[in-house]
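The block underneath contains the structure these notes are about, expressed in structure tokens.
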Amino acid sequence: MMALPPSSPSSSPSLQRLSTFKNPPPSSLSGPQPSSSSPLDSFATDPILSPFLSPSFSSSSFSSAALASGSPASTAERLHQAIRLLDTQLRHDVVSRHPELLSQLSSLSHAEISLSSLRSSVSSLQSSIRKVRSDLSEPVRSIRSKSLQLSNLHSATELLSHSVRALRLSKKLRDLTDGSDPDKIDLTKAAQLHFEILTMCKEYDLFGIDVIDEEIKFVNEIGERLRSEAMRVLERGMEGLNQAEVGTGLQVFYNLGELKQTVDQLVNKYKGVAVKSVSVAMDMKAVSSGSGGGFGPGGIRSSGAPHIGGGAKVRDALWLRMTSCMDQLYSLVVAVWHLQRVLSKKRDPFTHVLLLDEVIKEGDSMLTDRVWDALVKAFTSQMKSAFTASSFVKEIFTMGYPKLVSMIENLLERISRDTDVKGVLPAVDSERKEQMVSCIAIFQTAFLSLCFGRLSDLVNSIFPMSSRGSLPSKEQISQVLSHIQDEIEAVHPDGRLTLLVLREIGKALSNLAQRAECQISTGPETRQITGPATSTQIRNFTLSQHLQGIHTHISSMVADLPSIAADVLSPHLGAIYAAACEPVTPLFKAMRDQLESCILQIHDQNFGVDDAALDNNTSPYMEELQRSILHFRKEFLSRLLPSAATANTAGTESICTRLARQMASRVLIFYIRHASLVRPLSEWGKLRMARDMAELELAVGQNLFPVEQLGAPYRALRAFRPLIFLETSEMGSSPLIQDLPPSIVLHHLYTRGPDELESPMQKNRLSPKQYSLWLDNQREDQVWKGVKATLDDYAVKIRSRGDKEFSPVYPLMLQIGSSLTQENS
């Protein structure tokens with residue numbers, strides 16, 4: 001029971017009574033309340049008295065405000081009135097609540113009696129508790145002591161039990177390793193025992209026990225032996241690619257609980273060896289020492305260049321070291337891949353855990369990737385250093401880049417081939433191969449620049465910009481072709497490098513074509529065909545033949561390469577071909593225009609007379625055409641067309657042969673076209689035209705191109721000659737029209753029709769030359785539209801006269817035109 005606080009000197013019975021007023025009993029509080037409001041309620045609305053009701057009332061502030069108001073006396077008087085009002089109200093409350101106050105005094109008296117009884121009970125309870133505590137303290141101390149002893153006994157028993165087990169395991173380990181041949185020790189079992197002993201000592205804190213500490217020394221010694229022997233077996237298995245030995249070594253380290261760190265250390269070791277191998281191969285001081293001494297012949301000066309007479313030895317020594325480096329890198333990468341392969345296949349026989357999962361966690365790179373990353377980084381660094389620091393090494397690797405890239409690609413090919421095992425990731429993929437090749441990209445760029453530079457120098461030497469009008473000799477052209485062939489053969493085994501070199505060759509060929517175009521002479525003199533060939537024309541002919549020889553020779557080189565090689569050189573060979581055509585194409589065009597002009601004179605001849613007494617000589621226009629062809633053959637084609645032996649050897653059609661063939665085809669078709677437009681045509685005119693066609697065939701075949709090899713134009717000429725002698729009724733079923741363009745047949749039928757059936761040329765009032773130019777740009781179906789319009793006009797004229805019969809050519813022409821329409825649809 002809590003003690004009551006002592007009464008202060010100021011505490012008086014009146015104050016005690018006041019506290020009772022503040023907390024009246026429920027019965028008194030629930031009594032009748034006065035119905036009228038208290039006078040004290042007016043304090044809340046009074047401006048002077050309301051501040052006293054505020055919880056933040058300050059007497060000093062109130063006094064200051066009263067003094068500042070200017071009427072402190074009235075304020076004081078108001079306060080005295082409030083005090084008198086309070087006294088009056090207090091007196092009234094005391095009198096009105098006298099019974100309740102007396103009741104409160106009675107309640108206080110009963111409370112004091114109850115408190116006195118409670119104090120006595122509390123004192124008795126405290127005495128009982130002290131007695132119980134005294135009786136129980138001794139048994140509790142005894143129980144605690146016995147419990148501690150029991151715990152210590154249990155711990156000692158556990159410690160002894162684990163110590164005995166550890167000693168037994170140690171004895172097994174000793175029996176397994178003592179007096180045995182190291183090669184016959186069961187390493188995996190010994191490693192398992194070693195791991196269990198150390199794990200038990202750490203888990204149960206057996207260290208500090210003398211007998212255990214003695215055994216731990218032995219266990220640690222055995223552990224070192226196991227690690228050494230397991231590492232020896234593991235490395236031997238990696239070098240010999242023996243899966244059993246690698247698996248044994250890995251199992252030992254797994255049993256020792258050291259698999260991940262051991263594999264990481266081993267991979268780091270191989271990474272270091274690979275990086276060192278690259279560094280040693282590129283160490284020019286070591287190369288110099290191994291090839292003839294550092295200061296004698298063959299040594300390397302501080303500038304990176306060999307002494308006089310030692311360049312060949314140093315170069316051979318460097319290539320020999322690079323070969324040895326590639327062999328070593330192959331062995332290292334394959335060994336690490338073999339380690340990774342065994343890890344990916346072997347599982348622990350008890351837990352069935354895949355060893356690779358223990359070594360490589362999520363987010364870790366594969367073992368071979370780690371080695372490749374280090375190798376690529378080291379190789380890139382060494383190659384950049386060699387390129388910038390040693391001009392001699394730069395020259396060796398630049399000029400010998402095909403050999404360098406061949407070494408790397410052979411390395412990659414060997415690794416890829418020997419690590420291509422089903423179910424196992426290969427040591428290298430396409431991305432890794434590209435990374436390795438990109439390490440020497442700096443030398444590739446230099447090599448390609450050197451290749452282009454050599455070719456450009458040759459081009460500039462045979463086509464100097466400062467000397468316009470000079471032509472290269474055959475020997476110079478042969479030198480260019482020989483050099484291009486050497487460049488291709490130097491890189492031919494490597495398809496990727498071949499394409500790169502072909503691009504450089506292509507740029508050189510484009511440069512050659514541009515230089516050659518600058519040497520081509522132009523102007524009217526180069527297009528004259530009436531006189532003998534001028535020196536300017538002969539010079540153009542020679543330049544064209546040189547360019548064509550280059551085009552033919554390089555095309556034959558590319559024919560033996562894959563199709564992609566031809567695609568690389570195709571646009572550049574096209575530039576050479578275009579440059580070769582440029583000197584002679586205007587000449588052939590001028591000749592074709594002259595021959596067409598001769599043929600157009602057919603319309604000036606009179607083929608409509610029917611007089612057998614007239615002479616049977618060749619037509620004047622045909623004689624002129626024959627003379628022009630013969631002159632062109634003698635003065636120009638004899639210089640341009642290759643000999644039969646050369647043509648057969650080349651196996652391809654020369655530019656001039658192609659132009660002559662095209663011109664011969666054009667002459668035959670052009671003649672047939674205008675022969676079909678001749679109107680009128682008598683029987684004598686047909687004989688004369690047939691004789692002209694025979695002369696044309698002979699002139700073209702003997703002087704331009706064998707007409708038998710022209711194909712459709714020749715067949716059209718041979719068909720048109722007998723066609724003109726057929727009766728109109730026979731033409732529809734004649735097989736001759738199959739070899740003729742429909743427009744030729746339709747135009748010839750106008751000759752057999754009445755005068756009121758006008759041809760499109762007559763209807764549109766065009767000259768033969770104008771109409772021929774229009775025909776050059778129209779398809780057969782478009783020509784038929786023009787013919788059909790004239791037939792429709794003819795039909796209108798016949799119907800307007802009331803005639804019911806048409807000319808026999810009318811239905812035949814409609815028949816040919818309808819068949820043409822059906823074919824196009």
Side-chain angles (χ1 to χ4, degrees), residues 592 595-596 598-608 616 618-619 621-622 625-626 629 661-702 704-753 757 759-761 768-769 771-772 775-776 778-780 783-784 786-787 808-809 812-813 815-817 819-820:
R592 189 189 70 179
L595 295 180
E596 289 181 357
C598 292
I599 294 174
L600 285 172
Q601 296 178 28
I602 192 174
H603 298 286
D604 299 332
Q605 309 299 315
N606 188 359
F607 287 89
N616 294 324
T618 306
S619 301
Y621 76 94
M622 185 56 62
L625 186 143
Q626 290 174 328
I629 292 177
R661 174 177 54 80
Q662 293 175 349
M663 185 168 63
S665 298
R666 172 68 178 181
V667 167
L668 296 186
I669 290 295
F670 196 82
Y671 180 82
I672 298 171
R673 172 189 297 174
H674 287 276
S676 66
L677 293 174
V678 171
R679 188 176 186 185
L681 182 63
S682 64
E683 290 300 322
W684 176 86
K686 293 178 181 179
L687 293 173
R688 181 181 176 187
M689 184 175 289
R691 186 168 55 249
D692 290 344
M693 282 189 276
E695 295 292 339
L696 175 66
E697 179 181 343
L698 183 63
V700 171
Q702 290 182 349
L704 291 183
F705 195 87
V707 290
E708 297 83 1
Q709 301 177 21
L710 293 179
Y714 175 65
R715 292 196 299 273
L717 179 68
R718 298 286 292 183
F720 188 71
R721 189 187 307 175
L723 181 73
I724 60 178
F725 294 102
L726 289 179
E727 296 294 334
T728 303
S729 59
E730 299 174 350
M731 290 183 62
S733 58
S734 174
L736 295 176
I737 62 175
Q738 303 298 324
D739 292 330
L740 287 167
S743 59
I744 299 294
V745 179
L746 291 172
H747 286 136
H748 174 68
L749 289 175
Y750 280 110
T751 304
R752 299 170 179 253
L757 177 59
S759 68
M761 182 178 70
K769 184 176 182 180
Y771 187 60
S772 181
L775 291 175
D776 286 339
Q778 307 302 316
R779 299 191 307 270
E780 290 293 327
V783 175
W784 162 244
V787 172
V809 301
L812 180 58
M813 294 176 72
Q815 176 187 345
I816 295 173
S819 63
L820 183 63

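We number each residue from 1, following the sequence as shown.
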Query raised in the report: Under the 3.5 angstrom rule, does the side chain of Ser772 hit a backbone N or O of Pro768 as a donor-acceptor pair?
Result: no

Query - Heavy-atom closest pair, residues Leu740 and Ala716 - result: CD2-O, 3.2 Å

Report task. Compare all side-chain heavy atoms of Ser743 with those of Leu775 and state whether any distance is below 4.5 angstrom. Result -> no

Query raised in the report: Got a sec, which residues hit ring-ring contact (aromatic ring centres under 6.0 Å, His included) with Tyr714, two or more places apart in sequence or on another chain?
Result: none

Query raised in the report: Can Phe720 and His748 be said to form a side chain to side chain contact (heavy atoms under 4.5 Å, CB included), step by step?
Result: CA-CA 10 Å; Phe720 188 71; His748 174 68; 4.2 Å; yes

Report task. For the pair Arg721 (side chain) and Arg691 (backbone), establish whether a donor and an acceptor sit closer than 3.5 Å, ignoring hydrogens and angles. Result -> no

**Report entry** Test log, rule side chain to side chain contact (heavy atoms under 4.5 Å, CB included), inputs Leu749 and Ile816
**Finding:** CA-CA 11 Å; Leu749 289 175; Ile816 295 173; 3.9 Å; yes

Query raised in the report: Less than 4.0 Å between a side-chain N and a carboxylate O, is that true for Arg592 and Glu596?
Result: yes

Query raised in the report: Any idea which heavy atoms bring Val787 and Tyr750 closest together, and the distance?
Result: CG1-OH, 3.2 Å

Report task. Please confirm whether the backbone N or O of Phe725 pairs with a side-chain atom of Lys686, one donor and one acceptor, at under 3.5 Å? Result -> no

Report summary line: Closest non-hydrogen atoms of Asn606 and Arg688, given as atom of the first, atom of the second and distance, are O-NH1, 3.5 Å

Query raised in the report: What closest approach, in Å, do Leu723 and Arg752 show between heavy atoms, and which atom pair accounts for it?
Result: O-NH2, 3.2 Å

Report task. Kindly determine whether Leu757 and Met813 satisfy side chain to side chain contact (heavy atoms under 4.5 Å, CB included), including the steps that lead there. Result -> CA-CA 12 Å; Leu757 177 59; Met813 294 176 72; 4.1 Å; yes

Query raised in the report: Can you name the one residue among Glu697, Arg718, Gln702 that meets side chain to side chain contact (heavy atoms under 4.5 Å, CB included) with Val707?
Result: Glu697

Report task. Using side chain to side chain contact (heavy atoms under 4.5 Å, CB included) as the criterion, point out the one residue from Ile602, Val700, Leu625 that pairs with Tyr671. Result -> Ile602

Query raised in the report: After noting the C-alpha distance and the side-chain angles of Val745 and Met731, does the key distance pass the side chain to side chain contact (heavy atoms under 4.5 Å, CB included) rule?
Result: CA-CA 9 Å; Val745 179; Met731 290 183 62; 4.2 Å; yes

Query raised in the report: Heavy atoms, side chains only, cut-off 4.5 Å: are Leu736 and Glu730 in contact?
Result: no

Requested in this report: Would you confirm whether Thr751, through its side chain, and Leu677, through its main-chain N or O, come within 3.5 Å as a donor-acceptor pair?
Outcome: no

Query raised in the report: Under 6.0 Å between the ring centres of Tyr771 and His747?
Result: yes

